[in-house]
Protein chains: 2
Amino acid sequence: MMLASPLGFRRSALTRRLSHYLTLTEAEDRALEAAEERERRVAAGEPLVEASQPIDRLFVVQHGWLHSSVRLRDGGRQILRFHYPGDLIGVSSIAWSQAATTLTAVSDCIVSELPKTQLGRLFAAQGRIGGLLYAIAAAESVAMSDRLTAIGRMNAIQRLATLLLDITARLRVTAGGVVDTIELPLTQADIGDALGLTKVHVNRTFREMEKRGMISRAGRRLKILDEPGLIDFTGFVDRHAVIATDWLPPLLG
Amino acid sequence: MMLASPLGFRRSALTRRLSHYLTLTEAEDRALEAAEERERRVAAGEPLVEASQPIDRLFVVQHGWLHSSVRLRDGGRQILRFHYPGDLIGVSSIAWSQAATTLTAVSDCIVSELPKTQLGRLFAAQGRIGGLLYAIAAAESVAMSDRLTAIGRMNAIQRLATLLLDITARLRVTAGGVVDTIELPLTQADIGDALGLTKVHVNRTFREMEKRGMISRAGRRLKILDEPGLIDFTGFVDRHAVIATDWLPPLLG
DNA sequence: CGCACGTTTGATTACCGTCAAGGTATGTGG
DNA sequence: CCACATACCTTGACGGTAATCAAACGTGCG
């Protein structure tokens with residue numbers, strides 16, 4: 001169990017993220033901190049949960065990256081989403097008692113456990129938190145539909161560009177300062193599985209983008225050279241920066 | 001405003017859907033019915049909401065089909081989801097004050113309005129409802145990730161087959177009885193925009209499926225001839241039939 | 001050092017897109 | 001009642017983006 005602390009000391013990344021969107025009451029803060037249980041470490045490349053495995057809890061990402069994916073009959077894989085600090089993950093286990101996707105650590109991770117029943121209590125007792133979680137889920141759903149659009153209707157360069165822009169936008173929520181260079185812990189095979197491309201074609205697409213002066217690469221570090229240009233080229237919309245909370249009742253007391 | 005009725009008479013399709021997953025208390029039932037406001041009719045092909053239009057309310061589908069879509073710079077379109085009676089739609093307007101997608105009626109529709117502030121009150125006062133809406137949103141998110149997987153990693157036949165299986169599964173939730181034939185109000189261009197294919201290729205794929213004895217068509221009516229075979233062929237999983245509610249506190253009183 | 005893993009490059013193939021045109025059904029107005 | 005328009009479906013020919021197959025090249029690590 002994490003140390004409850006209304007003072008902002010050693011708080012969960014979820015509490016920090018939520019208070020980024022909404023000023024939490026002390027009761028809400030405490031209820032959130034109390035809901036999370038023990039922490040777990042997951043080494044890069046290791047699975048946290050396997051698809052179709054029975055599960056009764058969610059996880060909060062405290063540190064590191066993960067992704068959720070599914071495997072196909074033919075051995076192929078589709079990566080559905082990436083998860084960053086402050087994300088509530090394994091949400092599909094809410095709707096069923098089995099995991100719908102596999103959760104895998106991309107880099108070394110720390111996550112904390114949040115049992116489904118605790119989430120139920122949170123919704124029942126702290127309705128504003130429930131509403132905020134719903135709003136975040138809605139935003140993430142739109143971000144996923146952007147990915148769907150990219151895969152369904154865009155060519156390889158546009159797909160890769162939108163992914164890079166999206167990762168950058170999401171990292172800015174947590175990182176705070178200016179982010180124009182990202183440390184990509186992903187292999188080109190991972191990126192291909194996220195974009196519906198093969199690793200071979202991802203490689204060719206990276207080189208093409210370099211040739212066109214869109215990005216530069218050095219090892220795992222990647223720099224976006226002309227962000228406004230890429231945004232215009234892809235029609236990218238940042239879904240992470242702002243989330244409306246004006247529709248929530250101001251205070252429950 | 002819909003007639004509040006704990007007796008099950010003239011209830012909103014949303015209330016009916018939720019009570020399909022969870023036995024509602026009278027207070028919950030009443031709060032749900034009170035949240036919805038006036039009804040609107042939308043003729044087939046007409047838009048209900050346009051993307052990026054300011055909006056402060058959601059909608060509940062009472063009758064008919066709609067879809068949400070986005071337009072691309074180049075004139076292309078991606079259909080993201082289809083919406084059926086009992087669905088809460090326009091959810092992206094919760095996270096922002098503008099619509100993220102265009103909502104268009106596929107067949108003649110009746111929807112009722114649900115202002116964001118009413119939803120906020122529902123979350124605050126009826127936490128179990130909030131939790132249930134969250135669970136449904138999680139299930140729909142998984143259904144969308146199934147579509148993502150189909151578009152990213154499957155060929156045209158498998159994509160079309162999963163779409164047909166998914167529509168059938170979703171209709172069964174509302175229809176109740178046995179559904180093995182569906183009346184498709186969609187054009188082949190619509191289906192292509194949902195699957196990331198052109199209408200020309202959708203047509204070829206339909207004919208190929210007929211030739212292989214997977215489906216039969218007569219006008220708009222479509223029959224799935226070997227559902228177990230198609231399920232095995234595509235790895236389809238029904239995301240609509242069951243949703244767990246065991247994690248919600250039994251009663252709030 | 002050698003192995004595993006990831007990146008890069010080349011040659012060939014195939015699935016699906018594009019372009020074009022004809023066919024069918026439904027509806028409307030003269 | 002028929003000419004005509006419109007929307008949708010169907011089919012053919014051709015071309016291109018990305019997949020597949022194969023192999024070389026780096027690079028970090030035990």
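Proteins get letters first, then strands, A, B, ... in listed order; numbering begins at 1 in each.
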In whole angstroms, how far is the [atom2] atom of [N] from the [atom1] atom of [X]?
| X | N | atom1 | atom2 | value |
| --- | --- | --- | --- | --- |
| R207(B) | dT11(D) | CZ | C1' | 9 Å |
| D193(B) | dC8(D) | CG | C1' | 14 Å |
| L186(B) | dA7(D) | CG | C1' | 15 Å |
| N155(B) | dA19(D) | CG | C1' | 13 Å |

Note: chain A reaches DNA chain C at heavy-atom distances under 4.0 Å over the stretch, first to last nt, 5' to 3', of dG6(C) to dA11(C)
Taking the six-membered ring of F82(B) (Phe, Tyr or Trp), confirm whether the NZ or CZ of R170(B) is under 6.0 Å from its centre and within 45° of its axis.
-> no
Please report the shortest heavy-atom distance between G192(A) and V202(A), naming the atom on each side.
->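 Reported closest heavy-atom pair: CA-CG2, 3.5 Å.
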Non-hydrogen atoms of Q78(A) and L148(B) that approach each other most closely | OE1-O, 4.1 Å
Report the C-alpha separation of Y84(B) and L171(B) in whole Å, then their side-chain angles, then the decisive distance to 0.1 Å, and conclude whether the side-chain contact (heavy atoms from CB on, under 4.5 Å) test is met.
-> CA-CA 8 Å; Y84(B) 312 86; L171(B) 288 179; 3.8 Å; yes
Indicate yes or no for a side-chain donor-acceptor contact from D108(A) to the backbone of A44(A) under 3.5 Å, with no hydrogens or angles considered.
-> yes
So, does E36(B) use its side chain to make a donor-acceptor pair with the main chain of L114(B) at under 3.5 Å?
-> no
Spacing of CZ belonging to R221(A) relative to CD belonging to E183(A), to within rounding of 0.5 Å =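 Rounded to the nearest 0.5 Å, the CZ-CD separation comes to 4.5 Å.
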Would you say dA7(D) has OP1 or OP2 under 4.0 Å from some side-chain N or O of Q188(B)?
->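 No, because none of the side-chain N or O atoms of Q188(B) sits under 4.0 Å from OP1 or OP2 of dA7(D).
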Under 4.0 Å: is that the gap between some side-chain N or O of N203(B) and OP1 or OP2 of dT10(D)?
->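 For dT10(D), OP1 or OP2 has a side-chain N or O of N203(B) closer than 4.0 Å.
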Hey, what are the protein-to-nucleotides 20-28 of chain D N/O distances that come in under 3.5 Å?
{"unit_1": "dT20(D)", "atom_1": "O4", "unit_2": "R204(A)", "atom_2": "NH2", "d": "3.2"}

Determine the sole option in I243(A), V242(A), V237(A) for which the side-chain contact (heavy atoms from CB on, under 4.5 Å) test with R239(A) is passed.
-> V237(A)
Quick one: label [X] by what it contacts on the DNA or RNA (base, sugar-phosphate, nothing), any heavy atom closer than 4.0 Å.
| X | value |
| --- | --- |
| R153(B) | nothing |
| R159(A) | nothing |
| G196(A) | sugar-phosphate |

Mark yes when over 12 heavy atoms from residues, nucleotides or ligands other than R41(A) sit less than 6.0 Å from its CZ; otherwise mark no.
-> no
